[in-house]
Amino acid sequence: MSTDDPRAVIADFKEAVNMSPKALAAWLKTPESKEVGFKSTEGGESIGHRSGKKIILLLDKPNANFTGDDFSHARKVVGYIHRHLAQRPAGDISQTHWRYSLMNWGHDPLPGKS
């Protein structure tokens with residue numbers, strides 16, 4: 001991914017995030033979404049869950065309105081999704097923490113299931 005070209009950053013982000021804002025918002029309300037991911041405090045919101053909320057805002061934002069922070073988060077999302085996909089476990093992934101974590105970041109490895 002090019003870190004300098006804003007159009008490339010947005011294109012990579014929108015390619016990696018395969019959930020619609022509506023689907024992601026619905027997912028983030030589920031108990032499964034809230035159970036996975038690293039939490040900086042006991043009982044707090046996970047980093048991925050918090051990221052999912054920001055991803056919804058970015059998906060709804062016109063490309064021309066992206067800020068430096070938006071581009072930074074888009075790069076972070078793409079990096080996370082690519083790294084996490086490389087760690088795919090064997091077998092049925094439909095009800096795994098691995099899949100749920102990816103979904104918090106806006107990517108469902110089983111499109112059509114979310």
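Position 1 is the first residue of the sequence; numbering continues from there. On a predicted model such as this, the values are computed, not experimentally measured, just so you know.
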field: Candidate list V78, L24, V17, I47, test side chain to side chain contact (heavy atoms under 4.5 Å, CB included), partner W105, passing option
entry: I47
message: To the closest 0.5 Å, what do you measure between NZ (K22) and CG (L59)?
response: 15.0 Å
query: How close do D92 and T96 get, heavy atom to heavy atom, and via which atoms?
result: O-CG2, 3.6 Å
field: Non-hydrogen side-chain atoms of W98 and V36 separated by less than 4.5 Å
entry: no
Reported CZ-to-CD1 distance for the pair R75 and I10, which is rounded to 0.5 angstrom: 10.0 Å
query: Does a side-chain heavy-atom distance below 4.5 Å link K53 with E45?
result: yes
field: Distance, nearest 0.5 Å, that separates CG of D12 from CG of D5
entry: 9.0 Å
- request: Give the C-alpha distance, both sets of side-chain angles, the deciding distance and a yes or no for side chain to side chain contact (heavy atoms under 4.5 Å, CB included) between T30 and M103.
  value: CA-CA 11 Å; T30 67; M103 290 173 69; over 6 Å; no
message: Using the rule given for side chain to side chain contact (heavy atoms under 4.5 Å, CB included), can you reason through L28 versus I56, listing the C-alpha separation, both sets of side-chain angles and the distance that settles it, and then say yes or no?
response: CA-CA 10 Å; L28 292 174; I56 292 167; 3.8 Å; yes
field: Side-chain donor or acceptor of N104 paired with backbone N/O of G52 under 3.5 Å
entry: no
query: Between atom CZ of R88 and atom CZ of R99, what is the distance when rounded to the nearest 0.5 Å?
result: 10.0 Å
task: Without swapping roles, check the side chain of H73 against the backbone of I55 for a donor-acceptor pair under 3.5 Å.
output: no
message: Counting only heavy atoms not in E32 (residues, nucleotides, ligands), do more than 12 fall under 6.0 Å from its CD?
response: yes
- request: Please check if L57 and W27 belong to a single hydrophobic cluster, counting links between Ile, Leu, Val, Met, Phe, Trp and Tyr side chain heavy atoms closer than 4.5 Å.
  value: no
message: Going by side chain to side chain donor-acceptor pair (under 3.5 Å), T67 matches just one of D70, D69, N65. Which one?
response: D70
Residues S101 and Y80: side-chain donor-acceptor under 3.5 angstrom: yes
message: Does Q87 have more than 12 heavy atoms from other residues, nucleotides or ligands lying within 6.0 Å of its CD?
response: yes
message: Using only atom types and a distance under 3.5 Å, with no angle test, would you say the side chain of H107 pairs donor to acceptor with the backbone of L102?
response: no
Contact check, side chains of Y100 and I93, non-hydrogen atoms, under 4.5 Å: no
- prompt: Hey, what do you get for NZ (K29) to NE2 (H49), rounding to the nearest 0.5 Å?
  reply: 10.5 Å
